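FYI, the numbering just counts along the sequence from 1. Just so it is clear, the structure is predicted and the values come from calculations on it, not from any experiment.
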Amino acid sequence: MCGIVGLFLKDKALEPKLGALLSSMLITMTDRGPDSAGIAIYGNDSGNTAKITVQSADPAKDFDGLEYELRRALDVPVAVVVKSTHAVITLAKDKLDEGRAALAALRPNIRVMSSGDTVEIYKEVGLPKDVVSRFGVTGMSGTHGIGHTRMATESAVTTLGAHPFSTGSDQCLVHNGSLSNHNNLRRELKREGMIFETENDTEVAAAYLTAEMAKGKDLGAALESAVDDLDGFFTFVVGTKSGFGVVRDPIACKPAVMAETDQYVAFGSEYRALVNLPGIEAARIWEPEPATVYFWDHEKAA
């Protein structure tokens, strides 16, 4: 019984409030999943730099001197901003893959939460209010974001087991439900070159979408394929660099509600997650249909 939230902003005037709005939505869903929580914030593209968000079980040791060592290894400017157990590493876009390789060599115990041009993911064991406070999420700005509060049923309560799961650049997914064919899909995706860090079924769903988009599909088309290829009960909310998508399985037994105004599109596992959004009283409110993809994209709207 997990809780999911998502917010896709149409109105740029709301962008400075994204972190605060999304945090409030997530905290409202605490009783749906008190084990762990996570949030993905998509900021604005700087044009020249990319980001790697990492997590450490021993941040005092792992983050000490990391900026200097990465600069020496990559021979380019690198910035490391530490936020509790996480750090955001900013570097040149064309050094992103090289930077991840250098990280693995320099700090093998560090875990990559996300990488890409705009996304930052923060997730830890604990209540949503503590997670968003620890990382200062309420003060973050951006164009869209998704969040999850987890009640573990399929795997252990760990940082790596928390959502969102990110398996591709600027891509992530949160999930309420369980997949029945994730083991077979994991084997198939491994043969295609995907790498997994957990046994969680949600990571398989994220990797599936990454693989489909690598074939040239946009997020909407990849979600349509997921309806055919993924078995089980699921509600997915997915983020890409410019996109935001929602899909439920054909039975759609997991609760979901959406709202849309001229300013935003919002998703919540329950309506109470949406009640404090600006202008919600005038929003179009609906329950997403089974096996139906809902998809918005900033680039297509532009």
Side-chain angles (χ1 to χ4, degrees), residues 1-8 25-26 28-38 40 146-155 161-165 167 171-189 196 198-213 217-240 243-260 265-274 283-296:
M1 188 183 76
C2 300
I4 301 175
V5 297
L7 188 59
F8 178 89
M25 294 168 70
L26 187 65
T28 303
M29 292 288 95
T30 296
D31 59 355
R32 294 193 62 85
D35 297 334
S36 57
I146 63 178
H148 186 275
T149 182
R150 183 175 184 235
M151 182 175 290
T153 58
E154 294 284 333
S155 57
H163 303 209
F165 279 92
T167 54
Q171 298 172 16
C172 66
L173 175 147
V174 293
H175 171 208
N176 183 18
S178 60
L179 302 179
S180 56
N181 65 335
H182 61 96
N183 287 324
N184 288 337
L185 279 172
R186 184 183 285 107
R187 285 191 289 269
E188 293 174 11
L189 290 166
F196 293 88
T198 74
E199 295 300 314
N200 194 291
D201 59 340
T202 304
E203 188 179 15
V204 174
Y208 171 87
L209 293 176
T210 297
E212 290 299 299
M213 285 186 277
K217 297 180 181 179
D218 65 13
L219 175 57
L223 288 171
E224 289 173 358
S225 298
V227 173
D228 296 326
D229 293 340
L230 302 183
D231 294 332
F233 302 116
F234 57 85
T235 296
F236 295 144
V237 179
V238 186
T240 66
F244 173 83
V246 173
V247 70
R248 302 169 83 192
D249 67 81
I251 297 176
C253 65
K254 298 298 181 181
V257 62
M258 299 194 72
E260 184 170 15
V265 178
F267 175 95
S269 292
E270 300 177 35
Y271 177 72
R272 60 193 171 103
L274 313 180
R284 180 173 76 93
I285 310 289
W286 77 99
E287 180 181 349
E289 294 290 333
T292 302
V293 171
Y294 299 86
F295 173 51
W296 292 263

Within-4.5 Å side-chain heavy-atom neighbours: Val237 and Leu173
no
Let me see the working for Phe267 and Val257 under side chain to side chain contact (heavy atoms under 4.5 Å, CB included), right down to the final yes or no.
CA-CA 6 Å; Phe267 175 95; Val257 62; over 6 Å; no
Report the distance from atom CZ of Phe236 to atom CG of Asp249, rounding to the nearest 0.5 Å.
8.5 Å
Which pair of heavy atoms, one from Pro250 and one from Val227, lies closest together, and at what distance?
CG-CG1, 4.4 Å
Main-chain N/O of Ser225 paired to Tyr208 side chain as donor or acceptor, under 3.5 Å:
yes
Roughly how far, to the nearest 0.5 Å, is the CG atom of Leu219 from the OG1 atom of Thr240?
5.5 Å
With side chain to side chain contact (heavy atoms under 4.5 Å, CB included) as the test, would you mind laying out the steps for Ile146 and Ile4 before giving the verdict?
CA-CA 8 Å; Ile146 63 178; Ile4 301 175; over 6 Å; no
Quick check: closest heavy atoms across Met25 and Ala273, and the distance to 0.1 Å?
CG-O, 3.1 Å
CG of Leu274 to CD1 of Ile285: how many Å apart, nearest 0.5 Å?
6.5 Å
For side chain to side chain contact (heavy atoms under 4.5 Å, CB included), just list the numbers for Phe234 and Val247, CA-CA rounded to whole Å, side-chain angles, deciding distance to a tenth of an Å, and then say yes or no.
CA-CA 8 Å; Phe234 57 85; Val247 70; 4.3 Å; yes
Once you round to the nearest 0.5 Å, how far does SG of Cys172 lie from NE2 of His148?
12.0 Å
List in chain and number order the residues that pass side chain to side chain contact (heavy atoms under 4.5 Å, CB included) with Asp31, two or more places apart in sequence or in another chain; answer none if no residue qualifies.
Arg272
Honestly, is Arg186 close enough over Phe196, meaning NZ or CZ under 6.0 Å from the six-membered ring centre and within 45° of the axis?
yes
Side chain to side chain contact (heavy atoms under 4.5 Å, CB included) partners of Val265, counting only residues at least two apart:
Phe8, Lys10, Phe244, Met258, Glu260, Trp296
What heavy-atom pair brings Pro288 and Ala256 nearest, and what distance separates the two atoms?
CD-O, 3.6 Å
Identify the heavy atoms of Ser269 and Cys2 that sit nearest to each other, and give their distance.
OG-O, 3.9 Å
For Pro34, give me all partners under side chain to side chain contact (heavy atoms under 4.5 Å, CB included), at least two apart in sequence or on another chain.
Leu127, Met151
Euclidean distance, Arg248 CZ relative to Phe233 CZ, rounded to 0.5 Å
12.5 Å
On a heavy-atom basis, which atom in Leu26 and which in Gly38 lie closest, and how many Å separate them?
CD2-O, 3.8 Å
Taking Asn181's backbone N and O only, do any of them form a donor-acceptor pair with Asp231's side chain (distance below 3.5 Å, no angle check)?
no
Heavy-atom distance under 4.5 Å between the side chains of Val5 and Met29, does that happen here?
yes
Check: His182 main-chain N/O paired with Asp201 side-chain donor or acceptor under 3.5 Å
no
Main chain of Asn176, side chain of Thr235: is a donor-acceptor contact present, judged purely on distance under 3.5 Å?
no
Heavy-atom pair with the smallest gap, counting every atom of Ser180 and Gly232:
OG-N, 3.8 Å
Checking Thr198 against Glu203: is there a side-chain donor and acceptor pair closer than 3.5 Å?
yes
Separation between OG1 of Thr149 and CG of Asp35, rounded to the nearest 0.5 Å:
7.5 Å
Check step by step if side chain to side chain contact (heavy atoms under 4.5 Å, CB included) holds for Leu223 and Val238.
CA-CA 9 Å; Leu223 288 171; Val238 186; 3.9 Å; yes
